[in-house]
Enquirer: 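Below: one structure in structure tokens.
Throughout, a chain's letter reflects where its sequence line sits, starting with A, and its residues are numbered from 1. The basis for the numbers below is simple: all heavy atoms, side chains too, and nothing from hydrogens, waters or symmetry mates.
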There are 2 protein chains.
Amino acid sequence: MLDTSAAVLPASTPGAPPPAPERQRPAAWRIGEAMSLIGRTLAPLRHVVHEGEAICRAGQRFECLYILNSGCAKIFSLAGDGREQMVSVKFRGDWLGLDGIADGHYTCSTVAMDTGEVWIVRYQALLSAASMQPALLSLLHAEMSRQISRERESLMSVCTLPAGARVAEFLRLWADSLDERGLRNDQITLPLSRAEIGNYLGLTLETVSRSLSKLARCKLISFAERRRRDLQIPDIDALAAYVQRSVAPTLQ
Amino acid sequence: MLDTSAAVLPASTPGAPPPAPERQRPAAWRIGEAMSLIGRTLAPLRHVVHEGEAICRAGQRFECLYILNSGCAKIFSLAGDGREQMVSVKFRGDWLGLDGIADGHYTCSTVAMDTGEVWIVRYQALLSAASMQPALLSLLHAEMSRQISRERESLMSVCTLPAGARVAEFLRLWADSLDERGLRNDQITLPLSRAEIGNYLGLTLETVSRSLSKLARCKLISFAERRRRDLQIPDIDALAAYVQRSVAPTLQ
DNA sequence: CGGGCGTTTGAATCAAATCAATTGGAGTGG
DNA sequence: CCACTCCAATTGATTTGATTCAAACGCCCG
């Protein structure tokens, strides 16, 4: 047998090279560059969507990818029985419909939560453009890869955190997503009902409401005057600390 | 504004064409063809792994993709704090390490649960081969897409099912995976401890054990003579029905 | 102003976690 | 071969955290 151990586990070799610089670039720059490249080389169809409008539907034939240029969207997976599960929230720069590539049909439905703009790209057109422009292919791969990682994070939260921390982590990740896009991350206007948040996090709407009230009581968030849907996060790190604390309450 | 509604929502048009035939082919055929293509065109390094051996580690620099030719593997995501979450189980034909493409480092660790063979492909080599052989690119995309869909299914189970059904669904999906690979799906040898299953499903090991005992009491599964880790599934549909029942206990 | 919906909050219930004890194989060494 | 430990798994008793059921509030809109 060949000695392939180095190939399988190069990291086990001591003195491995330091991490590559890809991660250093600010995310906002990455997203802006990506959108610009797509805009330049693919001339995507631009389409304005409004709150509640479907972008693509589960079961529908796969032909296009959708790239969010503005606004935000929610992705639902629906089981054969009635079960409906929100599996992801998407923001500017995120790609929608990637789940349809494998078998030629979308497996999830996507709905706009805001008014925003989606760029529509035919998958075949993307592939042919990519053969001229390898950067486009890298973009597609990076986006798919990121989507795999991101959704694993959700699973982690849902499986390992108690209700309160799950809600806190949800807010933290939302704020993070805004931050990555160069938006202010200390205030959020949630376009989701408590019931939807609950569905996403595997909780009931009452539990979500209670958790938010508790976070407010602890001064980790505060609600705006009138609308209980927009809230402020005075200290994002304190929110992260709250999550940590509930993970290892014994250690600190 | 352009009228792009047809492009955004072609399915809303009545009389859409019937589903494409991609899905009809038996999965075993698809997987076999894929492995054969990879073997022919990429001459991947073949490496035998044993139980407990790491295939790739979180944080390690991304360079290779790993394709399981035999055996099975588990994927772990690890948070900054101690939390460790099993996020996926992989079988023959599945690709490992796709999460590393986005930022140049793997975000998860993968460990063999069996002795098996992984095929090792440098990502760059795959890309250059793919520019000659578009089928290879399709394979990569299909596999990433499938991984996105699959892991959404996990989230669905974990968020919407009670403990007993979650365990039943886990077994059902495992049997399905065997079936897709042309193996017999009426008996499973679990290479996972109760604790690991619990971690995967967001349950404690005691709850997993109780759920399995209950499934056995209901004759939906039965244990082998000595080892409580290999079990038989006399009727896979009955197991599916059990899951359904606990989703909508009022309706039937 | 009144109806409807989303949200909050309380009290009772329940499912799963925790705590704790026992069983049963697998492996080791006398 | 048996006695021994070690660890995985099972099972029971109890606690706890989240759900369920129920009521009330506040906001938006006709």
Enquirer: Would you kindly give the CZ-to-P distance between A:Arg217 and C:dT9, to the nearest whole Å?
Expert: 7 Å
Enquirer: Just the rounded figure in Å: distance from C1' of D:dA9 to NZ of B:Lys214.
Expert: 19 Å
Enquirer: How is A:Leu205 classified with respect to the nucleic acid when contacts are heavy atoms under 4.0 Å: base, sugar-phosphate, or nothing?
Expert: base
Enquirer: What is the distance, rounded to the nearest whole Å, between atom CZ of B:Arg194 and atom P of C:dA17?
Expert: 16 Å
Enquirer: State whether a side-chain donor-acceptor pair under 3.5 Å links A:Thr204 with A:Thr207.
Expert: yes
Enquirer: Look at the side chain of A:Arg210 and the base of D:dT20, then say whether one donor and one acceptor between them are separated by less than 3.5 Å.
Expert: yes
Enquirer: Assess the side chains of A:Thr107 and A:Asp99: does a donor N or O sit below 3.5 Å from an acceptor N or O?
Expert: yes
Enquirer: Rounded to the nearest 0.5 Å, how far does CG of B:Asp114 lie from CD of B:Glu53?
Expert: 12.5 Å
Enquirer: Rounding to 10 degrees, work out the angle separating the end axes of the helix from C:dC1-D:dG30 to C:dA26-D:dT5 (five pairs an end).
Expert: 40°
Enquirer: Going by heavy atoms closer than 4.0 Å, what residues in residues 153-173 of chain A are next to DNA chain C?
Expert: none
Enquirer: Show, in sequence, the C-alpha distance, side-chain angles and deciding distance for A:Glu180 and A:Arg146, and conclude whether the salt bridge (charged side-chain N to carboxylate O under 4.0 Å, His left out) test is met.
Expert: CA-CA 14 Å; A:Glu180 275 186 344; A:Arg146 202 181 330 276; over 6 Å; no
Enquirer: Nearest whole Å is fine: how far is C:dT7 P from A:Leu215 CG?
Expert: 16 Å
Enquirer: Calculate the interatomic distance between A:Arg227 atom CZ and C:dC5 atom C1'; express it in whole Å.
Expert: 13 Å
Enquirer: Whole angstrom is fine here: how far is it from CZ in B:Phe223 over to P in C:dG24?
Expert: 15 Å
Enquirer: Please determine, for the side chain of B:Thr207, which listed nucleotide (C:dA17, C:dT8, D:dT11) has the closest atom?
Expert: C:dA17
Enquirer: Expressed as a whole number of angstroms, how long is the span from A:Arg229:CZ to D:dC27:P?
Expert: 14 Å
Enquirer: With a 4.5 Å limit on heavy-atom distance, are the side chains of A:Arg229 and A:Ser193 in contact?
Expert: yes
Enquirer: Under 3.5 Å, is there a donor on one side chain and an acceptor on the other for A:Arg46 and A:Asn69?
Expert: no
Enquirer: Report, as yes or no, whether the 6.0 Å neighbourhood of atom CD on A:Glu51 holds more than 12 heavy atoms from other residues, nucleotides or ligands.
Expert: no
Enquirer: With DNA chain C as reference, determine whether A:Ser193 or B:Gly202 sits nearer its 5' end, using the nearest nucleotide of each.
Expert: A:Ser193
Enquirer: For B:Glu206 and C:dA17, give me the distance from atom CD to atom P, rounded to whole Å.
Expert: 8 Å
Enquirer: When you look at B:Asp237 and B:Arg172, which way does the salt bridge (charged side-chain N to carboxylate O under 4.0 Å, His left out) test go after all the steps?
Expert: CA-CA 9 Å; B:Asp237 296 325; B:Arg172 200 186 65 74; over 6 Å; no
Enquirer: Out of curiosity, A:Leu161 CG to A:Gln244 CD, how far, rounded to the nearest 0.5 Å?
Expert: 9.0 Å
